[in-house]
Amino acid sequence: MTSIFDTIKSIAFEIDHAIKTADLGYSQSENSSGEEQLKLDVQSDIIIEKAFASVSMVKDLVSEEKEGVMLLNPEGKYTICYDPLDGSSLVDVNLSVGSIFGIYEGELRASNLVASAYVVYGPRIELVVATQGQKPLLYRANNQEFKEIAPITLQSKGKLNAPGGTQQNWSASHKGFVDGLFSQGYRLRYSGGMVPDLHQILLKGGGIFSYPDTSDKPHGKLRQLFEVIPFAFIYEQAGGEAIDNKGVRLMELIPAHPHDTSPCFFGSSYEVSQLKKAYGIQH
Ligand code: P6P
């Protein structure tokens, strides 16, 4: 697995350079979720595809920016599902964005995730890597190298509330949940970038990020294989919880299609219990 994480480190520097130098315009194409692609989305996707092509243990790739599965090395062991530049539209307002990687062995389902990682392109480049049974590890770039900083642990209760989606499309239960946390003094921390928003909660010790089922997105917006499951794994390894709108662990997801989405809640145990109460979820 080391060669995969080393490849992600080199990808991080290449994409960071592209963010700082590339044309921010839109390409003439859409991704599989029907979203207009920035040239930077396509460029980041190509950087990742080229980087993993030479890693023999990587069998194939599933990208947010591509429809199907891309075969790289038939003798490979792992499938890497990734979002090359999540929140890319935030680049042109100079906010932080990220890349997300889920490493699967066998059928593409949450129970077959063996590791996950994400990169935050912000004032500094930071990388978090999670493997089974280990606390997620934070790395920080210093010149052209990543230095290990510390393991990440979520406290049982935090202070941050990151409510995604359009409020007018939330259910009454979800609105009651979000307002209930604010009435307890929680601070709103939401940039519209999943990676920096979830990274902030992890590094500030706790809180909750929510992207519910809404009237305009009844199955949620965030993609299971390369956004939801990789972060669910990281949050659970950090001592937090990650569930859907029925209270089912996101690590039990079995996507029917590579671009399936899911309502998702990632957070400290107290905030997840508040969510379950607001949603009338017993267990
Ligand atoms: P909304 C970015 O487009 C993204 O996919 C995630 O990074 C982010 O969490 C979410 O969408 C934001 O969506 O509907 O709250 O603007």
Side-chain angles (χ1 to χ4, degrees), residues 1-18 22 27-88 97-119 127-132 194-195 219 221-234 250-262:
M1 200 77 74
T2 310
S3 60
I4 290 177
F5 296 137
D6 288 345
T7 303
I8 290 174
K9 290 174 182 174
S10 67
I11 286 167
F13 290 116
E14 272 198 78
I15 291 179
D16 185 63
H17 177 70
S27 68
Q28 301 309 315
S29 54
E30 285 186 347
N31 66 17
S32 308
S33 302
E35 296 161 336
E36 252 194 312
Q37 287 177 309
L38 283 163
K39 290 176 186 168
L40 207 45
D41 288 320
V42 176
Q43 191 175 348
S44 302
D45 191 30
I46 291 167
I47 287 169
I48 294 173
E49 186 188 306
K50 285 184 174 167
F52 282 123
S54 58
V55 181
S56 59
M57 66 173 65
V58 176
K59 181 180 175 197
D60 41 26
L61 302 174
V62 176
S63 167
E64 178 187 284
E65 303 305 336
K66 291 192 186 68
E67 179 53 40
V69 180
M70 169 179 264
L71 179 64
L72 289 182
N73 307 295
E75 305 308 312
K77 188 175 177 187
Y78 300 112
T79 299
I80 298 184
C81 299
Y82 64 90
D83 183 350
L85 199 61
D86 183 79
S88 52
V97 290
S99 302
I100 312 166
F101 303 87
I103 298 134
Y104 297 81
E105 185 175 354
E107 188 192 342
L108 296 180
R109 56 168 56 195
S111 56
N112 286 344
L113 185 89
V114 294
S116 66
Y118 66 84
V119 180
L127 163 70
V128 170
V129 172
T131 53
Q132 192 63 46
M194 177 184 198
V195 175
H219 301 290
K221 174 184 183 183
L222 302 178
R223 275 62 49 134
Q224 295 182 21
L225 281 176
F226 33 76
E227 292 171 329
V228 173
I229 295 168
F231 268 107
F233 183 66
I234 289 166
L250 295 169
M251 289 308 293
E252 293 176 24
L253 282 171
I254 304 175
H257 180 277
H259 295 270
D260 279 355
T261 61
S262 173

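Please read these numbers as outputs of a predicted model, since none were measured by experiment. In this chain, residues are counted from 1 in sequence order.
Counting heavy atoms of neighbouring residues, nucleotides and ligands inside a 6.0 Å radius, atom NE2 of H257 exceeds 12 of them.
Here L250 contributes atom CG and S262 contributes atom OG; the two are 5.5 Å apart, rounded to the nearest 0.5 Å. One finds the NZ atom of K59 at 9.5 Å from the CD atom of E75 (value rounded to the nearest 0.5 Å). Within the model, atoms CZ of F52 and CE of M70 stand 13.0 Å from one another, a figure rounded to the nearest 0.5 Å. Note that CZ of F5 and OG of S10 are 13.5 Å apart. Values are rounded to the nearest 0.5 Å. Note that CD1 of I103 is 7.5 Å distant from CG of L113, once rounded to the nearest 0.5 Å. For the atom pair L40 CG and S88 OG, the distance stands at 7.0 Å (nearest 0.5 Å).
Two residues are said to be in side-chain contact when any heavy atoms from C-beta on lie closer than 4.5 Å; L72 and D60 fail this criterion. With a 4.5 Å cut-off on side-chain heavy atoms, S116 and Y82 do not count as touching. Using a 4.5 Å cut-off on side-chain heavy atoms (C-beta onward), C81 and P258 make no contact. By the 4.5 Å heavy-atom criterion applied to side chains, E107 and I254 are counted as neighbours. Within the 4.5 Å cutoff, the side chain of M251 has heavy atoms near those of the I229 side chain. Contact annotation: the side chain of K221 never approaches that of T261 to less than 4.5 Å [non-hydrogen atoms, C-beta and beyond]. With a 4.5 Å cut-off on side-chain heavy atoms, F101 and I11 count as touching. Here the side chains of I46 and Q43 are not in contact, with every heavy-atom distance at 4.5 Å or above.
Heavy atoms only, all atoms of each residue included: G106 and N112 are closest at C-ND2, 3.9 Å. For A51 against S54, the heavy-atom pair with the smallest separation is O-OG, 3.2 Å. Closest of all the heavy-atom pairs between S3 and V55 is OG-CG1, 3.7 Å. In terms of heavy atoms, Q132 sits closest to F233 at OE1-CE1, 3.3 Å. The two residues S63 and F226 come nearest to each other via the heavy atoms C-CE2, 4.1 Å. Heavy atoms only, all atoms of each residue included: N73 and S56 are closest at CB-O, 3.8 Å.
Annotation: salt bridge (charged side-chain N to carboxylate O under 4.0 Å, His left out) contacts of K66 (sequence neighbours excluded): D45, E49. Residues passing the salt bridge (charged side-chain N to carboxylate O under 4.0 Å, His left out) test with D16 are K20, sequence neighbours excluded.
The backbone N or O of M1 lies less than 3.5 Å from no partner atom in the side chain of Y78, so there is not a single donor-acceptor pair. Listed for the H259 side chain is a donor-acceptor partner under 3.5 Å among the backbone atoms of E67. Side-chain atoms of D86 never come within 3.5 Å of backbone atoms of G98 as a donor-acceptor pair (strictly under, hydrogens ignored).
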Item to complete: Would you sort out whether H219 and D260 count as a side-chain contact (heavy atoms from CB on, under 4.5 Å), showing the intermediate values?
Response: CA-CA 8 Å; H219 301 290; D260 279 355; over 6 Å; no
Worksheet item: side-chain contact (heavy atoms from CB on, under 4.5 Å) between V119 and I15: does it pass, once the steps are laid out?
Response: CA-CA 10 Å; V119 180; I15 291 179; over 6 Å; no
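Checked against E64 for a side chain to side chain contact (heavy atoms under 4.5 Å, CB included), the options D83, L85, I100, L225 give a single hit: D83. Each of V129, I234, I8 was compared with Y118 under the side chain to side chain contact (heavy atoms under 4.5 Å, CB included) criterion, and only I234 meets it.
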